[in-house]
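Let me begin by presenting the structure, written as structure tokens, before commenting on it.
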Amino acid sequence: MEYKVFDRTKPIGEFTAQPDDDLIICRCEEITKGEIRKAVYDGMYTINEIKRYLRAGMGLCQGLTCGRNVKDIVARELGISPAELEEATPRPPARPVTAKVYADCRGEED
Amino acid sequence: MRIAKHPILGEYEKGRKVKFYFDGKEMEGYEDEPIAAALRAAGVTTHRHTRRNGRPRGIFCAIGRCTDCVMVVDGEINVRTCITPLKEGMRVQTQYGLSAKEGTEE
Amino acid sequence: MSSKEVRKSDIIIIGSGAVGNAAAYFLSSAGRSVTVLEKDTVGNGSSVRNGGQNKMNTRGEPELSLGMYGVTEIWPRLQKELDVDIEFRKTGGYRNALTDDEMENMQKFWPIAKKYGMHIEYMDGTELRKRVPQFSERIAGAAHCEEDTWSNPLKTTLGLYSKARALGAKYYDHEKAVSIETVKGRAKRVVTECGHIYEADKICITACFGSRALLNSVSLDVPFTHALCEIFVTEPVPRILDEIFIGSKGGYYGTQTIHGSIVMGGGSRIGAFQREGNHVEFTLTPDNVPSGIKGLTDLFPSLENIKIVRSWSGWHDRTPDDMCCIEAIDEIPGLYAACGFSGHGFGISAPVGKVLSELMLEQPLGADISKLKFNRFMPIDAFTGDDRKR
Amino acid sequence: MKRYDLIVIGAGPAGLSAAIEGAKAGMRTALFDENEKPGGQLFKQIHKFFGSKEHKAKIRGINIGGELLKEAETAGVEVHLSSTVIGIYPEKCISVNRGDHIENYRAEAIIVATGAAERMIPFKGWDLPGVLGAGAAQTMMNLHGVMPGNKIVMMGTGNVGLVVSFQLLQAGCQVEALIDAAPRVGGYGVHAAKVARTGVPFYLSHTIVEAKGTDHVESVVIGQVDEKFRIIPGTEKEMEADTVCVAVGLNPMSQLVRMTGCEMKEVGGLVPACDEYGATSIPGIFAAGDVSGIEEASSAMIEGHITGLAAAKYAGWIEEDTFKTQVEERTASLEKLRQGMFAPQNKGKKIEKTDEGLPVSASLLERGYMDANEMETYPGVVKKEGVHPVIECSQNIPCDPCQEACPFGCIKVGERITDLPAVTEDSVCKNCGACVAACPGQAIFLVNEDEDGTYGTVTLPYEFLPLPQAGDRGKGLDRSGRPVCDAEVVKVQDTNAFDKTAVLTMRVPREYAMTARFFKKEV
């Protein structure tokens, strides 16, 4: 699907605080709703940017829990539907893997 | 908090009873059940305190995805207790940020 | 925007990586109107696919002036001026050697380093392990370089963007520049894939490997190739090491970030399956990352029990001499470019952006870039097979 | 690199079914799952499934899981458990964490059947221990035999919320309340009714304001919401609870399939854009089950079979003709399940009338149980002399075991599997209880409205411990769980054929025979 990229030159107004800004959204990195909302006004319009800027979705669970909620918050600030935002890029390993295990890579022999 | 007998499942198949240590305190659980299940049965619900705000956390997804239930197990941090099988003599410690509190080893 | 409309500004920058954003930031700060064109989304290329290191100890001499400009002036300045903490630290770094030969080879750098005011200390394996006991017994010796630094590539790239944008730089996403057009012999216009036209007196190309096609559009070339690099990062762990570390000739490197995770990476030199449609978001074969992890756990055995949480990859734009190109292009006035960073560009991205801004603002340059010209590459000597340079 | 003909990721209902088809077609098939046990969510689903015989209706999920696994092994599927696929790479290659090392494999075709993960909504205190997914609670009690808590507030009245609430009751927990921000119950009415009749209150148009506590949930504040889901000030209400279960929907686990770079689409969750057989935009990569769109396990199984066939055809293991005939059969079966009020095409629609043109019970949707005066509208509820079935089934759902259960022809579902069951006119009920035990919705009662001029009897399904005994005295509870009359247990049937649904007959004053629907022993 084609994701619409928000026109970064179009103003989206000023950040204004909301009463539930202190709500934790990314549980692993303890990133709040307010931090995510503020980042949008700093110019972070994609989920990958939010992740790189704040670490939301970059913790131990790699965004499995908060991904959807971050998307909803960002979309709301941008005034678009969450479906228009691409989710953060999923990357291996899909679950944490101990370095020792990861380094022992087999599979050449049949 | 264990279910003695379930109307549909009857009695649960469990491994042998084993001893383990939670923050130095001796506890009992069944071999190969998740550490988190043994702790919940023993009434322990706080697995760790978060790094940034020191908030208590416990079981959340129970299938190894959310990583909220991580603890220090046999000295290793960030062990997902909901999918890590309990073994005889395991040392399980509450995780504070990235480590266990000193003095909770034995 | 209608296809006929022309968007005008003082300066157009093509590519919103760390270099492009740094240039945009310095130029906007100087009051110029800047347009940044990005083919994908902001800073989604090699600027966020690197380990954040500025490995002064492995740079070629032509880049050292830029490197020192960064270490002493530009990076500390960004750390203060940007609205985000880019985590710039003068960490110092260890570069390791497995054999005495390698060690000897490494020591050849000393007089050059001295010339640029760098502080390097050489030590044998025993001394190294006295300082950092976690290093492998297999390491024969190491060089410690005081000028090695680290900054967070994600926050730097986005922090520069955010600040440049706040200062008025206009960013356009998914706006792939396809050609540069000249008017009366000067670079003047940029045409994008969807037919939009942008106009400025100065056009600056900072588009990583995309730069080559753009240069080709005005009949210029720089001979760089694609090379795959892999990065992987661990869970955060209590502090192990402040310094950055660089493996021996394998080239893999690592740093423990302020957050506590260890960011490691390198290039396996295996870039199989580069066929059309195979995307490079995370590496192309499943062997690359494990082989890198194996190398680093051999170097640093205590990493063994730490969990890897994420891996990804990207392209290098690799030149024949592994050094970048940066200049105001003589042949076409108004055209500026910086590319070919060969896998170690992030460490000098901030000073390169600054020097680009100095070129465009016609200010004295903070670093000597005279040996980094585009036309330095020549065919090898056909008789001896040696490299030749202009 | 080791090359299989088919690799299936995820040993849930879809993955197992897909692997079975691949192996049956002769493909060298490997199935990987990160869990220690196969079956995906099936082994947590201890309730009887809806559908028809061909969909394994009235069989409990756990037993279906066992059957599927056996079938897979017989077909020759290599089942690799505790084997987490950590990445999919170009050229149909995967990396698997085998516990102490990584192994890479390639295949001609890969089917991704990674299922779904629970969706979570943040509220104040949602990170406190004691707040957990409803699926997590299910895992704790049904797999590990541990109660997730004592006093539980359930957030969400979709099928997961309703089914897990019932399971919590079965595990011996107290369910304090069912909360939903929507104005109507989201799941099957019959699932709601069986929870409501035990006395659990439903709070529709309500949400959780806050979970309070220092180290653990100690209480929960709920509040009423307006049509824009904003809390109406002054409606807050605090209830004591130590656990909050969140059941607000599922998200497809699309991480792995997205690593292939295939095209995705948004349908209430990000799913791969697949053709009707599960082929993604990348040749040789397929998706089946919840990862390609959230549905019931029964649908996932059929989808798995279809996708398995498609992969076999793709790699040249079956001919076009065989593929066509087999897929047609499966598709017809799937279509049956995708009918009725809760069909995917009706998602989010407000349905006012049944297919029969009867008004949908408003009380059921707003409070979780039907009002007595709405009852007689439905074809399953008739008043008759002697013992007769009373089928409190008021929504068109794809389910028909009741019709087959009655050996005496008392129950008829009709043309379509979704038609409301009716009690046939001239039939004679022998009070055997088979229909009571067979109904996956526990919505059938055998009622004798007037036994002797004073008392009537009600025969009802009972899946709790301790099981009451004949002679036990207590209260008859109405559909809302309110004690309405004295009751005495006169018979308890608990045969193997009933598969752990005990059938309990209680004697109540005859004026309560059409009201009392649950028995609570006096303590």
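Protein chains get the first letters and strands the later ones, always in sequence-line order, with residue 1 at the start of each. Atoms considered below: every heavy atom in the structure, side chains included; atoms not considered: hydrogens, waters and symmetry mates.
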How long is the span from the SG atom in C:Cys208 to the CZ atom in C:Arg49, to the nearest 0.5 Å?
->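 Going from the SG atom of C:Cys208 to the CZ atom of C:Arg49 covers 10.5 Å.
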What part of [X] gets within 4.5 angstrom of chain A, counting heavy atoms only: side chain, backbone, both, or neither?
X	result
C:Val309	both
C:Val289	side chain
C:Leu303	backbone
C:Ile306	backbone
C:Arg310	both
C:Tyr172	side chain

Salt bridge check: are A:Asp104 and A:Lys100 linked by an N-O gap of less than 4.0 Å?
->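 Salt bridge: no.
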Could you go step by step and tell me if C:Lys163 and C:Glu81 meet the side-chain contact (heavy atoms from CB on, under 4.5 Å) rule?
-> CA-CA 9 Å; C:Lys163 190 81 182 185; C:Glu81 290 176 7; 5.6 Å; no
is_close_aromatic(C:Phe300, C:Phe135), centroid dist under 6.0 Å |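 Ring centroids of C:Phe300 and C:Phe135 are less than 6.0 Å from each other.
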Do C:Phe232 and A:Tyr102 make the cut of ring centroids closer than 6.0 angstrom?
->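 Centroid distance C:Phe232-A:Tyr102: not below 6.0 Å, so no.
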Interface residue of largest heavy-atom contact number with chain A, from C:His259, C:Lys170, C:Lys155, under 4.5 Å |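 Greatest number of close heavy-atom pairs with chain A: C:His259.
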Proximity breakdown for A:Gln62 and chain C, heavy-atom pairs closer than 4.5 Å |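 Just the side chain, heavy atoms under 4.5 Å.
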Going through the distances and angles, do C:Ile231 and C:Tyr253 end up as a side-chain contact (heavy atoms from CB on, under 4.5 Å)?
-> CA-CA 10 Å; C:Ile231 327 270; C:Tyr253 57 81; 3.6 Å; yes
Heavy-atom pair count under 4.5 Å with chain C, highest-scoring of A:Met58, A:Glu29, A:Arg95 =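 Heavy-atom pairs under 4.5 Å are most numerous for A:Met58.
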